[in-house]
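Letters go in sequence order (proteins before strands), and every chain restarts at 1. Every value quoted in this text rests on a predicted model; they were computed, and no experiment measured them.
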Amino acid sequence: MPKRRVSRSSGGTFQLLKVHSVDRNAQLYRLIPCSGRDALIEEIRANDVTILLGETGSGKTTQVPQYILESGLARNGMIAVTQPRKVAATSLAHRVAAEQNGTIGDLVGYAVRFDEKSSPQTRIKYLTDGMIVRELMSDSTLSNYSVIIVDEAHERTLRTDLLIANLKEIQKVRNQPQDAKGKGNANSTNPLKIVVMSATLDAEKFSKFYHNAKILYVKGRQHPVKIYHSAESQLDYADAALRTFFQIHTDRPPGDVLIFLPGQEDIESLQKSIDLFAKQLPSDKPAVLTCSMFAAQEHSQNNKAFNPPPPNTRKCILATNIAETSITIPGIKYVIDTRKCKEKQYLARLSGGGFDTLLTRDITKSSAMQRSGRAGREGSGVCFRLYTEDAFNNMAISGEPEILRCSLTSSILNLKCLGQNLEELDLMDKPDSDSIASALKTLWLLGAIDNNQKLTPSGRQMALFPLEPQYACAVVASKEYACTSEILDSVSVLSSSSKLFLDISEQRDAVAEARRKFRHGSGDHHTVLNAVRAYREIAASENKHARREWCRKHFLNERTFLEARDIREQLVVTCRRVGIDPSVSAKDNEDPVIRSMGHGLAGNSAFLQPDGTYKQTMGQTIVKVHPGSTLCDKKVPAIIYDDLMYTNQIYARGVSAIPKSFFMSLSVFKQRKA
DNA sequence: GAGCACTGC
């Protein structure tokens, strides 16, 4: 089928084209032109669900909500726009508020964790997908909204998937036509419109899920990017990237280079090689400045990639997926795509709990397109794919949705509170039965559900805490052990998005030395507590600058402390609600803290074997203590751990020693062993 | 002897 792309200027800020049919094999969209804004509003007015397919830079996320507002389609309620990321939600809201000439929180607002700006006047609200899923718990039909726009739906985050499934159910209730007796359904006066926004390639799946909803196409404003594939497949992607970079450097006009690599290890070694070769360049060639970018790296270091290079210098940025969606680096004209990324995948196991794997794998087509697009943000660019065109054509269209590759423990607990079962939910992709069974077993071990899979009173309490069920269980248990204050300190740090202990490979010895100050013989949980206590002392007596300097000197991430403080405040409120005194402290008594954690982490435990290895108490897996743990190289009879991660071996992270006798007192353990 | 990226009550 020939590619037939008909477009007409819309007069608005973007062009709108209606997709008539999708030819999957050719992967071309046959497009029928519409006239922009009015046509879009008419389509949304006429249909319960609209799928909006759009290239990046089309402005759909900022413009469409405003069009809907001005059209009066949302007269009965707010317009929600959901985002997978907090920064996106807040920055989009600020931009749209400015376009509406208003202050943020007035007509246009946002809601993300720890930060909400909205008022009774708010009509357009940007929120994270997690936030709206949470709202579902208190208002099961989301009655405050008349239009819900699900943005970045193609990312298929766990929460977006749960939202999409629930929205289908909500529409059944709210969009019911008046019944034959003329007795109108109370809800039919407040129907719900759904707009699903997605990047190209996978729109058809959303359409099928929503009873063949119409797909509309929004044309983007990206600059053209010339794409080169390699003629033959490359065995060594790092070496291929090195050669490609110097080819660009010697043959191509000025412009910075962005290299996508799977992880920190590859980044650091390739950076060294490039620096080494760059020194040997003839003096008439421009110089090379390399920067690296990955999440575990200090912010100040990551930020160097944003600085313009000195005159007559080409900047080369080596980055992980962090530069694919979350961060946009200015000045990039060339992209080198190694085809690789690392992805976390949860491996459900019926005995001993599941564990995460973190392995290098091939990227997907949408990822490859996203990467090449990074060369066309400011002008035309070039992308060098270190793989053949065949390889590209054979890539999966998009990644596996998160719901198929993460632990379901938390989601199942939350759904149980809503009276829903994950198995019965109409999801776009259903997790396999092993994954569900493994989560149910964990919940049973925690005492959150009974033998009939019914929520227990303490399970209902756990669900109220903004924590993984394991840590919520530890908080609930801390009441009995009179150490809630310490457990809150501990779990708030463990639940933070960033790690507390920074690792800088070049300063390994200095890092180890600084860490020794907080080191606690019983393991990582008390080591974290020691760091929290030390920071609290500094924070009480020193100013902001001194605090920051103290953290830097001890290789501690201050952002983690600050985030943990916010989380702790939320936990204190929840504790009071369920009758747990958050201020009760065990003082210097260490044992209660370990035992409380032991209740949450009973399934994450292992006994020392005669041969010196650790074997799971509730499974057969041999686990190794992670080298970053204070208990590495130490042998204790029994350990609990925060999680297992398989990279080269199965490593237990966040490890503490626990008396072996503790397990004998646990009823679930006795039941389990029997 | 080692760390893809996000997010939430």
Enquirer: Classify the side-chain pair Gln470(A)/Asp643(A) by whether it contains a donor and acceptor separated by less than 3.5 Å.
Expert: no
Enquirer: Can you list, in residue-number order, the parts of residues 622-634 of chain A that come under 4.0 Å of DNA chain B, counting heavy atoms only?
Expert: Lys624(A), His626(A), Pro627(A)
Enquirer: What is the distance, to the nearest angstrom, from the CD atom on Glu265(A) to the P atom on dA2(B)?
Expert: 8 Å
Enquirer: Please state how far atom CG in Leu163(A) lies from atom C1' in dT7(B), giving the value in whole angstrom units.
Expert: 14 Å
Enquirer: Does the side chain of Ser656(A) pick up a donor-acceptor pair with the side chain of Asp524(A) at under 3.5 Å?
Expert: no
Enquirer: Are any of Thr320(A)'s side-chain N or O atoms less than 4.0 Å away from OP1 or OP2 of dA5(B)?
Expert: yes
Enquirer: When you check the gap from the basic side-chain N to the acidic O, do Arg568(A) and Glu563(A) get nearer than 4.0 Å?
Expert: no
Enquirer: Using a 4.0 Å heavy-atom cut-off across all strands, classify Leu358(A) as base, sugar-phosphate, or nothing.
Expert: base
Enquirer: Does Thr360(A) reach a base, just sugar-phosphate, or nothing at all? Heavy atoms under 4.0 Å.
Expert: nothing
Enquirer: Mind checking if Arg159(A) touches a base, just sugar-phosphate, or nothing, with heavy atoms under 4.0 Å?
Expert: base
Enquirer: Can you list, in residue-number order, the parts of residues 128-138 of chain A that come under 4.0 Å of DNA chain B, counting heavy atoms only?
Expert: Thr128(A), Gly130(A), Met131(A), Arg134(A)
Enquirer: Answer with yes or no whether the side chains of Ser292(A) and Gln297(A) bring together a donor and an acceptor at under 3.5 Å.
Expert: yes
Enquirer: Could you give the CZ-to-C1' distance, from Arg653(A) to dA2(B), as a whole number of Å?
Expert: 10 Å
Enquirer: Base, sugar-phosphate, or nothing: which does Leu464(A) touch, judged by heavy atoms less than 4.0 Å apart?
Expert: base
Enquirer: Has Thr357(A) got a side-chain atom pairing as donor or acceptor with Gln345(A)'s backbone, closer than 3.5 angstrom?
Expert: yes
Enquirer: Going by salt bridge (charged side-chain N to carboxylate O under 4.0 Å, His left out), name the residues that satisfy it together with Lys342(A), two or more places apart in sequence or in a different chain.
Expert: none
Enquirer: Taking atom P of dG3(B) as reference, at what distance in whole Å does atom CD of Gln301(A) sit?
Expert: 21 Å
Enquirer: Give a yes or no on whether the ring-centroid distance for His626(A) and Tyr641(A) is below 6.0 angstrom.
Expert: no
Enquirer: Output the rounded distance in Å from CG (Asp151(A)) to P (dC6(B)).
Expert: 18 Å
Enquirer: Distance check needed: dG8(B) C1' versus Leu415(A) CG, whole Å only.
Expert: 14 Å
Enquirer: Tell me what Lys86(A) touches on the nucleic acid: a base, only sugar-phosphate, or nothing, going by heavy atoms under 4.0 Å.
Expert: sugar-phosphate
Enquirer: Whole Å only: how far is the CD1 atom of Ile650(A) from the P atom of dA2(B)?
Expert: 14 Å
Enquirer: Identify, between Gln649(A) and Asn414(A), the residue whose nearest nucleotide on DNA chain B lies closer to the 5' end.
Expert: Gln649(A)
Enquirer: Given dG3(B), is OP1 or OP2 found less than 4.0 Å from the side-chain N or O atoms of Thr647(A)?
Expert: yes
Enquirer: Can you tell me how far P of dC6(B) sits from CD of Glu343(A), to the nearest Å?
Expert: 14 Å
Enquirer: Please determine if Arg653(A) and Asp642(A) form a salt bridge, counting it only when a charged side-chain N lies under 4.0 Å from a carboxylate O.
Expert: no
Enquirer: With nearest nucleotide decided by heavy atoms, which residue, Lys499(A) or Arg85(A), maps closer to the 5′ end of DNA chain B?
Expert: Lys499(A)
Enquirer: Have a look at Gln345(A) and say if it touches a base, only the backbone sugar-phosphate, or nothing, with a 4.0 Å heavy-atom cut-off.
Expert: nothing
Enquirer: Considering only dT7(B), dG1(B), dC4(B), which nucleotide approaches the side chain of Tyr651(A) most closely?
Expert: dG1(B)
Enquirer: Under 4.0 Å, counting only non-hydrogen atoms across every strand here, what does Leu467(A) touch: a base, just sugar-phosphate, or nothing?
Expert: base
Enquirer: Regarding Thr325(A) and Gln370(A), is there a side-chain donor-to-acceptor distance under 3.5 Å anywhere?
Expert: no
Enquirer: Between Thr160(A) and Thr157(A), do the side chains contain an N or O donor and an N or O acceptor separated by less than 3.5 Å?
Expert: yes
Enquirer: State whether Lys342(A) places a side-chain N or O below 4.0 Å from either non-bridging phosphate oxygen (OP1 or OP2) of dA5(B).
Expert: no
Enquirer: Verify, without hydrogens or angle tests, whether Thr141(A) (side chain) and Ile170(A) (backbone) share a donor-acceptor contact under 3.5 angstrom.
Expert: no
